[in-house]
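Every chain is numbered from 1, with letters handed out A, B, ... down the list of sequences.
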Protein chains: 2
Amino acid sequence: MLAEIRRYKKIPRIDLSESTGISRATVTTITADLLKEGLIEEVRSETPEKDLRRGRPKVDLKIRGAAHHVVGIKIANKSLSTVLHDFEGIQIADHEVALEESVFEADALADEVSKAIEGLTSTAGLSAEEVSGVGVGIAGTVDALQGFVYWSPSLHQRNVELGQVLEDRLGVPVFLDNDANLVAVAERAFGLAKENSDFIVITIESGVGMGIVIGNELYRGNRGCGAELGHTKVQLDGALCRCGQRGCLEAYVADYALLREAGISGRHKSVSKVEDLLSAARDGDSVAKSIVDRAGRMFAMGLANIVNIFDPELIILSGEQMHSDHLYASEVIDAMRNSVVHIDKPGPEVVIHKWGDLMWARGAAAFALDEVSEIAITGHRENAQ
Amino acid sequence: MLAEIRRYKKIPRIDLSESTGISRATVTTITADLLKEGLIEEVRSETPEKDLRRGRPKVDLKIRGAAHHVVGIKIANKSLSTVLHDFEGIQIADHEVALEESVFEADALADEVSKAIEGLTSTAGLSAEEVSGVGVGIAGTVDALQGFVYWSPSLHQRNVELGQVLEDRLGVPVFLDNDANLVAVAERAFGLAKENSDFIVITIESGVGMGIVIGNELYRGNRGCGAELGHTKVQLDGALCRCGQRGCLEAYVADYALLREAGISGRHKSVSKVEDLLSAARDGDSVAKSIVDRAGRMFAMGLANIVNIFDPELIILSGEQMHSDHLYASEVIDAMRNSVVHIDKPGPEVVIHKWGDLMWARGAAAFALDEVSEIAITGHRENAQ
DNA sequence: TAAATAAATTTGCAAATCAAATTAAATCAA
DNA sequence: TTGATTTAATTTGATTTGCAAATTTATTTA
C-alpha cells in the first residue's frame, strides 16, 4: 500500500481501492494505521480542475517525507557519490567525494563511506542517526540478500561480507546490491518503468550490466550472480575480456575494447579516449567506423539474445555517458529487432534513458526506501543479512 | 495443497503441515474439504517400518485417481502421441497415431486430435466425456494463456486460435503450450525437478527448446514467446537458420546443421543420418570430428549464456534421442562451466535426463493435471482463453 | 488393563477483509 | 438560502481464514 502511494505520489483513498482491488473499507482501515504511524499524510487537493465535480471531494494521500530519511551511495571507480532522500523520495542533498585509490580493503572502504555520509548529512543539517537506512551500489558480483560481495573491482579481497562491515561501522541498516540492479530499482521508482511490473534495464558504464525485474521483483538468480549480460558470449573463442575469458560482449563494446582495437591501427595508435574514436568515425574515417560498427553489431546481438530469452515488454537502455550513443543508435536497435524471433505482434518497447551522474546513487536510495518501508510496515527486514 | 500431496504421492496431514508451514488445524480443515469433494483419499499406511512407533499412527493422504482423467497430446512431425492419466498422475493408456502429413489446416488438425483421443479413451474403456481436460504440446511460438499459435511448423496458417478450435471440437477444456514448456512442467511433476522451484529445462529435438521455471511458475514472457534458446545468436552473421536469420544456435547444433556441413565434405557427401556422422567422429574421422566438436562448443556457449543470465540452481538437459549424446558430453558441460562468471560458490547442477518418446505427451498431461486441479479448487481456469 | 505417546480433530478466538449502511463534504437548483 | 443531489470516506456487522490450545482418537508399552 505504501509502495502504491509512493508510485502515484498523491492519490485519494477511493483510487487506491480501485488500483489495488482492495475494498474501500479496508483502504480506510489501512491508511488510518499509516496516518497514525506518521508514514503518510493527507493533502487537501487544491487542483481547481477537480472543483468542478460535485459531491464530497477526494482527499489525496501522500508519503510523509519527514517520516524517514535514507542515503544512497554508489561506489565508483575513484569516487563515492551519495544522495540523501526523504521518505517521499525527494532528493534533499547530494555529495560527491573523490577517492585516492580505486581498490580498497573492506575496512578502509567502510571508513570512506562513513566519512562521505557524514559529509552528506551535515550539509543537509541532519545527524547521521536520523538516517533509517543506507543503500549501497557496487560493481561486481554481489549476493544482495546476504550483503555479500563475491568479487568487486573496488575491493582487494574476494568474498567480503561488506554489508555486515558497513552496518557495523554505520550503525544503521545497510542494503547492498549490484549497481545495475539498483538502476532497475531506480527506473521503477523514479524513471521510465513506473507502470511496468516486468522489464529489463541495461546499463553501460565501463562494463555492461543488466537488471531484470519480473513480477515487480528483481530477479537475482540462485547465488545472486545472474544478469551478467556483459559476460554472455557473442563469439566463440573471441576477443579476450578483462574477466580472463574470451568472446564476452564486454570485450567488444567496453571502452577498453574499442581502444584496444584503435591501438592496432597505425592511424589511431595515439587515440586514448573513446570520444576521439567516435568523432573520427562520425567524420567518415573508415577504420574508426569499422571498429565502432562492429561494437554496435555485437551489442545488437547481445540485446537480441535477451529479447529471445525474456520476450520483455520493455527494455530500458540506461546510461549516464553520452559516449554510448553509438550503441543506442537506431541502426543498432533495428539490427536487434531483425535478430529476434518474429511473430505478428510488436516486440518490446525499447527506450533510452540518459541520466545524470547521480543515477547510480539514486538507485541505491530507491532500494533503501523500499527496504525501509518494508521494515516500517512489517517490523523486520526481509532478507537474511 | 493438492499440488503438495501430488508431489509427495502419499503424505500424512502432520507432514503436510510441516512442509507447507500451514497449521495442523488448517490442514485438517482443508483436507476435510478435499476428501468431501472426492479429490483425495486416505490410505492406511501398511509400511511395517512405521509400526514401531507408538501413538496414533499417521494416515497417509493421496490424490484420488478416479476423481478426474486428463489427456496429454504431443503434436509431432508426422505423428500424434497421446497419453491418458488419472488424477493421481498415473498413466493409464497411451496411443500413437501416424499422420499422413506434417503440416495441417487447423480444422484438419483438430479432426486428427479428436480421432486420436477417441482411440486413446476407447482402449482404456473410457468415454471421451469422462476426460476433464486435454493438454496439448506443439512446436512453435505459442501464447499459452490465450491458446494462440503465432506460428507452428505443424500449421499452414499463422496466428491460429488453436486452443479455441480444439476446445470447440472436443467439448472439454484444452490447455495449449509450447512443447518445451511442457517438458519443464513434466520435470517438475514426474521428473528430476520435483524439489526445485527454480530451474531451466533444455530440450533437443529437431530444434533447441527451453522451459524456464521461476518461483514454481513457468516464465513465458510478455507475448508468450520467450525462452527461444534455439534462436539466440552465437555468431555474428553466422550460419543460416531455418528461421531465415543467421547465427542462431540451432543453425549449429540441429540435425540439419550437422548434415549440411557433412554435405560439404567430399568424404561425407552421402551421409544422411546424424547417427552415421557421430559414429564416424567416434571412429576418429577428423572431418566428422571437427563438425561434431564445433556443434558441442557452440552448444556450450549457448548454455553458458543461459547460466550467466539466470544463475539457475538446476539445469536439466532433457531429450528423448540418444543422438544428442555429443551435446550432453562432459567436455561440453565443462566448456560451459569455463565460460560462466566464476565466483567461489559452486555453479548450477547440470543433469541429463533421457526420456522415452512419450515425454512430450506426458508433459502435456502434467500441464492438464495442474490446470484441472486449479479448476477443481477455484472453480474457474486461471487463464483468459 | 492402564499409562504413555503421537496424530488428528474440535473449539474458541483473533485478524483481515468485505458489503452495505451511514455519515461527511461538497455542488446544484429553486 | 435551503434542501436535493452527488460522491468520498467511514462505520457497522458479518464472513472468512487461520491459529493455538484443548480434546479426542488410535496405537504401543508396561
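Going from atom CD1 of B/Ile377 over to atom P of D/dT17 covers 13 Å, rounded to whole Å. Computed from coordinates, the B/Lys58 NZ to D/dA26 P distance equals 18 Å when rounded to whole Å. Distance CD1 (B/Ile11) to P (C/dA8): 10 Å, rounded to an integer number of Å. In this entry the distance linking CG of A/Asp60 with C1' of D/dA9 reads 14 Å, nearest Å. Rounded to whole Å, the distance from CZ on B/Arg54 to P on D/dA30 is 6 Å. In this structure, the CE atom of A/Met1 is 13 Å from the P atom of C/dA16, given to the nearest Å.
Between B/Phe199 and B/Phe310, the ring center distance fails the sub-6.0 Å criterion.
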Side chains of residues 210-217 of chain B: which donor-acceptor pairs under 3.5 Å do they make with residues two or more places apart or in other chains?
from: B/Asn216; atom 1: OD1; to: B/Arg188; atom 2: NE; distance (Å): 3.0
from: B/Asn216; atom 1: OD1; to: B/Arg188; atom 2: NH2; distance (Å): 2.6

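In this view, B/Arg64 satisfies the salt bridge (charged side-chain N to carboxylate O under 4.0 Å, His left out) rule with no residue, not counting sequence neighbours. Every residue two or more places apart in sequence or in another chain that forms a side chain to side chain contact (heavy atoms under 4.5 Å, CB included) with B/Ala364 is listed here: B/Leu182. Partners of A/Glu4 according to the salt bridge (charged side-chain N to carboxylate O under 4.0 Å, His left out) rule, which considers only residues two or more places apart in sequence or in another chain, are A/Arg7. Residues that satisfy the side chain to side chain contact (heavy atoms under 4.5 Å, CB included) test with B/Asp168, not counting sequence neighbours, are B/Gln164. Applying the salt bridge (charged side-chain N to carboxylate O under 4.0 Å, His left out) test to A/Arg223 and every residue at least two apart in sequence or in another chain returns B/Asp311. Partners of B/Arg24 according to the side chain to side chain contact (heavy atoms under 4.5 Å, CB included) rule, which considers only residues two or more places apart in sequence or in another chain, are B/Ile14, B/Ser17. The salt bridge (charged side-chain N to carboxylate O under 4.0 Å, His left out) search around B/Lys62 returns B/Glu41, B/Glu88, not counting sequence neighbours. With sequence neighbours left out, the side chain to side chain contact (heavy atoms under 4.5 Å, CB included) criterion links B/Asp370 to B/Val185.
Using five terminal pairs a side, the axes of the helix from C/dT1-D/dA30 to C/dA30-D/dT1 at its two ends make an angle of 20°, given in steps of 10 degrees.
Here the side chain of A/Pro12 is nearest to one of C/dT9, D/dA9, C/dT5, namely D/dA9.
DNA chain D lies under 4.0 Å from at least one heavy atom of each of the following residues of residues 25-40 of chain B: B/Ala25, B/Thr26. Applying a 4.0 Å cut-off to non-hydrogen atoms, the residues of residues 13-20 of chain A that approach DNA chain D are A/Arg13, A/Ile14, listed by residue number.
Salt bridge annotation for A/Glu42-A/Arg13: present, with a cationic side-chain nitrogen under 4.0 angstrom from a carboxylate oxygen.
Of the two residues near DNA chain D, A/Arg56 and A/Glu42, the one whose nearest nucleotide lies more 5' is A/Arg56.
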